[in-house]
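What follows is a short report on a single structure.
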Amino acid sequence: MDGEPAVRARGLTKRYGDVTAVDAMELDVPVGVAFGLLGPNGAGKTTFMRMLFGLVRPDAGSVEVFGRNVADHGVAALAPVAGFVESPRFYPYLSGRANLEVLARLDQPYGDGPDIDLVLETVDLTDRQRSRVREYSYGMVQRLGVAAALLRNPQLLVVDEPTNGLDPAGIRDMRELIARLAGSGITVLLSSHNMLEVEQVCDRVAIMRRGGIAFDGSITDLRAMADDVGYRLTTEDDRRALELCEHTPGLHRLELGLDGLRFEASQSAVEDLTRRLGAAGIGTRELAARTTALETLFFRLTESRSEVLM
Amino acid sequence: MSSTTAVFRVEWRKLAAQPRLRAGFAVLLIAPWLFIALVLHQDRLPVETLYGRYLKDSGFATPLVVLVFSTQWIFPLIASLISGDVFSSEDAHGTWKTVLTRSVSRGEMFWGKVAAAFTATVAAVVVLGTSATLAGVALVGSQPLVNVGGVLVPARSALGHVALSWLVVLPPVLAFAALAIAVSILTRSSVLGVLVPVVIGLVMQMYVFLNAWDTVRHVLLNSPMNAWRGLFDTPAYTDPLERGLLVALAYLAASIAISLIAFHRRDITGG
Amino acid sequence: MHPLSPRLLFLVPVATLLVSGCTPDTTRDRVEHDVTATFANQYVQSEQVQSQPLRPAQVRGTECHSGLNKTADAGPGAWHCTISWTDPAGGRHDDGYVVLVDSLGCYQAFSDEERDATVRSADGLAVPDPRVGFDGCYDVYDGRTGTSKA
């Protein structure tokens, strides 16, 4: 297993009718890192992860886990993997604990079974373990999903949008939990459409666009590429400001919306713009950064619009 | 094999946790007692049903009359209610991805679920048959019973025939269960998984009533379902049983083969 | 996909069974033969209930006709049978029975006249006479394929 990446995809392709969900995807997830898989909805993240779990059969190419082909080795290849794709699902008529017991049985038919108390404790569901999952909130189901994954003592933890539906405190706890797991030596593959989340939790990131990989590298590499920040500008006369902006170098994706001008620009370009606005006698009412530099880069790489995603 | 056993035990636990199933078993347990109690309180007997005229003469007529009723629509219903849901309930709850990302292969998942569905179906038939026999013996008595050859059969032998009759309906009942499994895998719908086999059962039943081409009837599941009648004749005959067994096995094998292929090939995209 | 293999698995036995014969299940021969045999046994029972010494009736023959299919005398439905028998004392009887035949080879027979006839059992109780109403079944795959047309 030494030297083998945790996940290796080669030429991985999946088509649904005319739609190519994953298109000749190439990806290596090194062992021991927290790896972020970023992309807007529909970029192919979910289909890729379903193929990784053997739930969906690739039309071409292969995906290996710790050197073993999932299509050839099936559950044996997936023994060191745990996690969930899209929101985790459980039997609503069973309690949270009963669900975990059932899944533990499927993991180890005759083993002693893992410590269900411990994983419940880890995700803070001990108090509600006897309640039926039907009565759980979205966030509790999400946490139970992580608990179900931890039951397998995985070497590779795959989580898909784990903070979906959580309240701000829940989001913070979940991110901390994943960071902690990643710190304990587990390889984490985190799928998200939230740049900020990946930035907080991950060391490496791949950005998916239309079924392929648009960027693959460390967060540091990505930061180095990210100069521009997305801004919103409102002035006393947006039309004149627009004209001015059009003649200012370094402003990208400029557009006039109902709430003012939007554009992406580097720090120096913005400084230049403010000087020009002052010189032209156009009063600035508000100039605000809408997205961070990384997010701006992400939207540019995936050719998606921030409005859709945020 | 051990993983198949694990799936079996998990399925069993899930079935037992569903109130619908528990209520169903309670009905199977109680219904024969109600039936024979009502018959005993009436002057008239259901003489136009096989063994109906002997309901007050021997307790062993009760399980046989219940068997005649059951072969018509209760068995298809039992088989469908249990088996039509075992696969598609995972679709309904979106839990395929949950269970198939554990250490269980699709083959093990399939056979474990089939084994659980079949065991539960057999259990339902056994519960109904045992309950009907106990109800008959308790409320009427264990008198000798006249068989369809016009011969009075002593209690011990009659009991053996009753048990054998209930036993030989199992292949066609399991064929219905396999049919329900196939429909629920192909449609991924619990409603259709339950409804379609019941409708198929009713259509077969209607064909039997419809005085049409007999050869077609021989390949319907009604033939094996009713083949037990010949065992309790004097002399007994087994042609319908032997041929019926082949018919039931054909349905069973075809349904399971289609189910297995479809289940192995499908992409789990929902949930 | 191998759609043929499961389909074949189903079709082969179906085809075999389809080819295996096109005679009706309910034939005059089968009904007449089985009603005769079952009646004889029911008669014995009737004697036994009344604690008579065992003297079987001599059933000379049974003639049955379908009420629905009068030309061929085949198929399920209501049939009418006349059972001709001689009692141990030598008295000759021709008793009419309505025989309700189902499509799976079983029937209920009811005597035309003595439908509710009872006999007195050894312990003095009036019980239904086994002779006047009985159930029967026959093998729809046996060799008695004769109908009135054939």
Side-chain angles (χ1 to χ4, degrees), chain A residues 14-16 21 46-47 49-59 70 73-95 98-111 113 132-134 141 144-145 148-149 151-154 158 160, chain B residues 1-24 85-113 115-116 185 188 190 260-271:
Chain A
K14 180 68 189 181
R15 284 179 285 270
Y16 293 113
T46 296
T47 303
M49 285 194 292
R50 283 184 185 271
M51 286 192 279
L52 167 62
F53 273 120
L55 294 171
V56 164
R57 293 144 56 100
D59 290 316
V70 172
H73 293 90
V75 282
L78 294 169
V81 191
F84 52 85
V85 187
E86 294 181 278
S87 32
R89 294 297 199 94
F90 295 96
Y91 301 114
Y93 51 87
L94 294 180
S95 71
N99 267 286
L100 293 185
E101 283 167 0
V102 156
L103 296 176
R105 168 82 57 204
L106 294 179
D107 284 337
Q108 285 177 298
Y110 294 116
R132 289 180 187 206
V133 170
R134 182 178 287 132
V141 173
L144 190 62
L151 273 184
R152 282 168 71 75
N153 262 328
V158 181
D160 192 4
Chain B
M1 275 322 273
S2 61
S3 290
T4 306
T5 318
V7 175
F8 176 85
R9 291 173 63 179
V10 163
E11 287 303 314
W12 200 246
R13 177 171 183 175
K14 280 158 55 190
L15 284 172
Q18 290 176 40
R20 193 181 53 141
L21 260 289
R22 282 191 298 222
D85 196 40
V86 164
F87 282 83
S88 47
S89 68
E90 306 282 357
D91 290 289
H93 296 133
T95 40
W96 277 126
K97 63 181 188 190
T98 310
V99 289
L100 287 176
T101 52
R102 312 311 287 199
S103 302
V104 176
S105 72
R106 290 209 188 182
E108 290 160 344
M109 181 60 66
F110 179 83
W111 291 114
K113 275 179 175 284
I185 286 181
R188 302 176 192 181
S190 297
L260 188 59
I261 291 168
F263 185 62
H264 264 286
R265 297 185 61 85
R266 79 169 278 196
D267 283 340
I268 310 293
T269 51

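Order of the sequence lines sets the chain letters (A, B, ...), proteins ahead of strands, with each chain counted from 1.
Looking at A/Phe53 and B/Ile268, their side chains never come closer than 4.5 Å, going by heavy atoms from C-beta outward.
For B/Arg106, the part sitting under 4.5 Å from any heavy atom of chain A is the side chain, from C-beta outward, and nothing else. Both the backbone and the side chain of A/Ala98 have a heavy atom closer than 4.5 Å to some heavy atom of chain B. Residue A/Phe84: no heavy atom, backbone or side chain, is found under 4.5 Å from chain B. Both the backbone and the side chain of A/Ala148 come within contact range of chain B, judged by heavy atoms closer than 4.5 Å. For A/Leu94, the part lying under 4.5 angstrom from a heavy atom of chain B is the side chain only.
Taking all atoms of both residues into account, the shortest heavy-atom contact from B/Arg102 to A/Asp107 is NH2-OD2, 2.7 Å. Heavy-atom minimum distance, B/Lys14 versus A/Tyr91: NZ-OH, 3.0 Å. Of all heavy-atom pairs spanning B/Asp267 and A/Val56, the tightest one is OD1-CA, 3.4 Å.
No side-chain donor from either of A/Arg152 and B/Thr101 sits under 3.5 Å from a side-chain acceptor of the other.
The pair A/Glu101-B/Arg13 meets the salt-bridge criterion, with a side-chain N (NZ, NE, NH1 or NH2) lying under 4.0 Å from an Asp/Glu carboxylate O.
For the salt bridge (charged side-chain N to carboxylate O under 4.0 Å, His left out) test, no residue two or more places apart in sequence or in another chain qualifies with A/Arg57.
Of the listed residues (B/Gly112, B/Ser89, B/Gly94, B/Pro19), the greatest number of heavy-atom pairs within a distance under 4.5 Å of chain A belongs to B/Gly94. In terms of heavy-atom pairs under 4.5 angstrom with chain B, the leader among A/Met51, A/Arg89, A/Lys14 is A/Arg89. Comparing A/Val75, A/Val102, A/Leu55 by heavy-atom pairs within less than 4.5 Å of chain B, the highest count is held by A/Leu55.
Under the 3.5 Å distance criterion, the side-chain polar atoms of A/Arg105 are left unmatched by any main-chain donor or acceptor of B/Ala6.
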